[in-house]
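In what follows, a single structure is set out as structure tokens and then discussed.
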Amino acid sequence: MSLPSFTASGLLPPGDHALALPELRASFLVTGDGVPDSDWDSAWRARLVDNLALFVGQLWTVGVDRIFVDGSFASDKRHPGDIDAYFECRVMHFPETIVRLLQLEPSLPWDWTHRPIDPATGIPKPMMWHRYRVELFPHFADQPNPTGVRDAYGNELLFPALFRRDRTTASPKGVIQLLRE
């Protein structure tokens, strides 16, 4: 599947752009092919995808199918600070999902409660970010959970809406929906 080029604003065009992990690795988001920035950090971007793949593989193993990627990784920023993603799961299955994930690989940090401060920004980040530069959050499609981010009217945004708007301009933007290989 082909990924459309960045908009003039440096974002993916609005919509859900479905890619398998190998397609994501081969896309211009990682390689920089066709991106005008000559300093595109393809090695760093490849590392971010490899790190995300550790978590995604486990999610697929325990039956989670819907995973979406966004953040500065899905923009024309030459060296994104991390890769952001969320996965859909039913709230009643979440505890069992976490137990199964921890049984698969106890060393992967599936804990969102322990959030050390990022010394560069002063913002608390989950351990998966500190170790892997991955921020991957659950979205409970059957019982929406807050993100802590509000729109211009004070309404709390859920991950699907938050990921599909530019943080600075609130312009619509696209996301990557990861497909099983």
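Keep in mind the model is a prediction, meaning the values are calculated, not measured. We use all heavy atoms of the structure for the numbers below, so side chains are in, but hydrogens, waters and symmetry mates are not.
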Could you check if a side-chain atom of [X] sits within less than 4.5 angstrom of a side-chain atom of [Y], using non-hydrogen atoms only?
{"X": "Val62", "Y": "Val64", "value": "yes"}
{"X": "Lys125", "Y": "His130", "value": "yes"}
{"X": "Trp129", "Y": "Asp118", "value": "yes"}
{"X": "Pro22", "Y": "Glu181", "value": "yes"}
{"X": "Phe68", "Y": "Phe87", "value": "no"}
{"X": "Val69", "Y": "Val175", "value": "no"}
{"X": "Tyr86", "Y": "Pro138", "value": "no"}
{"X": "Lys173", "Y": "Leu12", "value": "no"}

May I ask you to decide if [Y]'s main-chain N or O and [X]'s side chain share a donor-acceptor pair within less than 3.5 Å?
{"X": "Trp112", "Y": "Leu136", "result": "yes"}
{"X": "Thr121", "Y": "Ile123", "result": "yes"}
{"X": "Arg66", "Y": "Glu88", "result": "no"}
{"X": "Glu23", "Y": "Ala20", "result": "yes"}
{"X": "Arg115", "Y": "Pro124", "result": "yes"}

If you round to the nearest 0.5 Å, how far is [atom2] of [Y] from [atom1] of [X]?
{"X": "Ile67", "Y": "His139", "atom1": "CD1", "atom2": "NE2", "value": "14.0 Å"}
{"X": "Leu48", "Y": "Asp50", "atom1": "CG", "atom2": "CG", "value": "9.0 Å"}
{"X": "Arg133", "Y": "Met128", "atom1": "CZ", "atom2": "CE", "value": "13.5 Å"}

Grab the two heavy atoms, one from [X] and one from [Y], that are nearest each other, plus how far apart they are.
{"X": "Asp111", "Y": "Pro126", "value": "O-CB, 4.1 Å"}
{"X": "Leu52", "Y": "Val134", "value": "N-CG2, 3.8 Å"}
{"X": "Pro13", "Y": "Ser5", "value": "CD-O, 3.3 Å"}
{"X": "Gly174", "Y": "Asp70", "value": "O-OD1, 3.9 Å"}
{"X": "Tyr132", "Y": "Leu108", "value": "OH-CD2, 3.4 Å"}

Is it the case that the ring center of Phe28 lies less than 6.0 angstrom away from the ring center of Phe6? yes
Would you kindly confirm whether Val91 and Val99 end up in one hydrophobic cluster when ILVMFWY residues are joined by side chain heavy atoms under 4.5 Å apart?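 No, it is not one cluster - the side chains of Val91 and Val99 are not joined through contacts under 4.5 Å.
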So is Arg45 actually on top of Phe73's ring, under 6.0 Å and inside 45° of the axis?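 Here Arg45 passes the 6.0 Å and 45° test against Phe73.
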Would you find more than 12 non-hydrogen atoms of other residues, nucleotides or ligands less than 6.0 Å from Arg25 atom CZ?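 More than 12 within 6.0 Å, yes.
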Classify the side-chain pair Trp60/Asp65 by whether it contains a donor and acceptor separated by less than 3.5 Å. no
